[in-house]
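Source: prediction; values computed, not measured.
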Amino acid sequence: MLINLQTAAICYNHTVTLTLFVGKSMAPVAAAPSAAKNGANTNFKDKEKSGSVRSSNIVAAKAVADAVRTSLGPRGMDKMIQSGNGDVTITNDGATILNQMSVIHPTAKMLVELSKAQDIEAGDGTTTVVVIAGALLDAAQKLLVKGIHPTAISESFQRAAAQAEIILQNMATPIDLANDELLVKLATTSLNSKVVSQHSWLLAPMAVNAVKKVLDDSRPDNVDLKAIKIIKKMGDTVEESEMIEGALIDQKTMGRGGPTRVEKAKIALIQFQLSAPKTDMENQVIISDYAQMDRALKEERQYLLDLCKQIKKSGCNVLLIQKSILRDAVSELSLHFLAKMKIMVVKDIERDDIEFYSNILGCRPIASADHLVAESLGSADLVEEMSTGGDGKVIKVTDIQSSGPAVSILLRGSNKLVLEEADRSLHDALCVIRCLVKKRFLLPGGGAPEMEVACKLREKANERGGAEQYCWRAFADALELVPYTLAENAGLSPIHTVTELRSQHANGHSNYGVNVRKIREYAPIVPRSLNGE
């Protein structure tokens, strides 16, 4: 069995159970036929076997594409996925759906990797890219039936894709990143198909402001999303989410009588441990009497006290300690000394977050107590522990004096499902704005680019000769699956919709797309111009 996917698709108040079973195992590619009894040539001549292998690969990939096709667009259905440990995920994000599918067939796995690559590069459009890949494979299968060689199909598709990119560049509209209102509308568009679309009025401006704050003048054509720290806390609703003008640390203070609020903070980020050193694994220390035990305890106490005095001498009053896997990052005795010195202690800072906190707090990571000096500290007007409901707490750092290009977002949600989906939706919105920073052009939606490319490629196909003409037309027909699916998922007549769209684009209306706002009738819409007219 290649794929056994049980997915429940939710649309409004109806639940549909979808079960896919895809054929038998892929035929071995390199298996050679047994020698004939008459001693004939044993070379591989069975063309039907190679054809069946290709057919098996295409069927498996199409099954994966069909599984996510119903979730395309703002009216697409959400998938309910249950993992092996019982966790339930409700989403229509293509990358999330495919990532949680148990796919065995190697060709089907390639579509999963394709979706992951799209998620990393663009952040959005993960469902669309899988649907288009499935449509192109279906078109390739029809061309193979006609007797066209696979190499000819592949090269023709590559030339058609290069021409499609030129067509898209010609129909793109330049945008100005200074137009915040337009950027918010574009971020809202990416959120309209999500479960948390009703909160797009909050998440869209948040995404735009966050990306603008981390823009680096030295790299104006790129955005490092690692500089945007998203902390998820359950409790309250998505509307309570906020972007913090400062830093958020997803930990709580160690307490032990230490302060939970520090004004005029001097922040140190250390990578060494405030605990007694340990011997190597193969060594032992044998204590034979109480005098030796007292001496060991006294030495440990003095060692920790000297470390704490060095920290206090540098002027530090807020101490961030990197998470340690070798031994305890901080001991009870160290916490006692630091509490007496009125130093706030926050431990278990993840190694991956060290660079982020170093940039946003303006401090340097310290690997040894000898290097802890005042110049290595960050400064902030206020560091305080903030409750997020229940037992959840975070550390909030505000009014940072030498903050780098970084920003923190506190994301709230009433339950785990909503919180996880809000995180994925906000990530998609951030990636959309990042794409606009990389290439400052805008394309209409609703399947308009795919239909325009399809119409132009059919015209260009007439200039081609031989089998390439058939390949270009098949490539154009495959792209029409996107507006077809948008109309189908919206409850419109897909044949009537695609026919009408094809007619409008043939007449030069390149911005016409599918309007899914009105389910009763199809009404093509033209995107507003940049000046809002």
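- Side-chain atoms of Ser115 do not come within 3.5 Å of backbone N or O of Leu111 as any donor-acceptor pair.
- Between Glu488 and Arg69 there is a salt bridge, since at least one side-chain N of the basic residue sits less than 4.0 Å from a carboxylate O of the acidic one.
- Shown here are the ring-ring contact (aromatic ring centres under 6.0 Å, His included) partners of Phe475, two or more places apart in sequence or in another chain: Phe157.
- No more than 12 heavy-atom neighbours from other residues, nucleotides or ligands sit within 6.0 angstrom of CZ on Arg351.
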Side chains of residues 122-138: which donor-acceptor pairs under 3.5 Å do they make with residues two or more places apart or in other chains?
unit_1 : atom_1 : unit_2 : atom_2 : d
Thr126 : OG1    : Gly94  : N      : 3.3
Thr126 : OG1    : Ala95  : N      : 3.2
Thr127 : OG1    : Gly94  : N      : 3.2
Asp138 : OD1    : Lys62  : NZ     : 3.2

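- Remark: Ile354 CD1 to Arg364 CZ distance equals 14.5 Å, nearest 0.5 Å.
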Yes or no on side-chain contact (heavy atoms from CB on, under 4.5 Å) for Met254 and Leu338, after CA distance, side-chain angles and deciding distance? CA-CA 10 Å; Met254 293 305 298; Leu338 293 171; over 6 Å; no
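- Rounding to the nearest 0.5 angstrom, the gap separating the CE atom in Met101 from the CD1 atom in Ile81 is 8.5 Å.
- Between atom CG of residue Leu72 and atom OH of residue Tyr484 there is a gap of 13.5 Å, rounded to the nearest 0.5 Å.
- In this structure, Lys456 places its NZ atom where only 12 or fewer heavy-atom neighbours from other residues, nucleotides or ligands lie under 6.0 Å away.
- Interatomic distance, Leu202 CG to Glu239 CD, rounded to the nearest 0.5 Å: 7.5 Å.
- Thr89 meets the side-chain contact (heavy atoms from CB on, under 4.5 Å) test with Thr91, Thr96, Gln100, Arg424; sequence neighbours excluded.
- Within a 6.0 Å radius of CD in Glu121, no more than 12 heavy atoms belonging to other residues, nucleotides or ligands are found.
- A salt bridge links Lys232 and Glu420; the closest N-O separation between the charged side-chain nitrogens and carboxylate oxygens is under 4.0 Å.
- Around NZ of Lys212, the count of heavy atoms belonging to other residues, nucleotides or ligands within 6.0 Å exceeds 12.
- With a 6.0 Å radius and a threshold of 12 heavy atoms from other residues, nucleotides or ligands, Lys226 has its NZ atom at or below the threshold.
- In terms of heavy-atom proximity, Leu436 sits nearest to Leu177 at O-CD2, 4.2 Å.
- Salt-bridge formation is not detected for the pair Glu384/Lys396: no Lys NZ or Arg NE/NH1/NH2 atom is positioned less than 4.0 Å from an Asp or Glu carboxylate oxygen.
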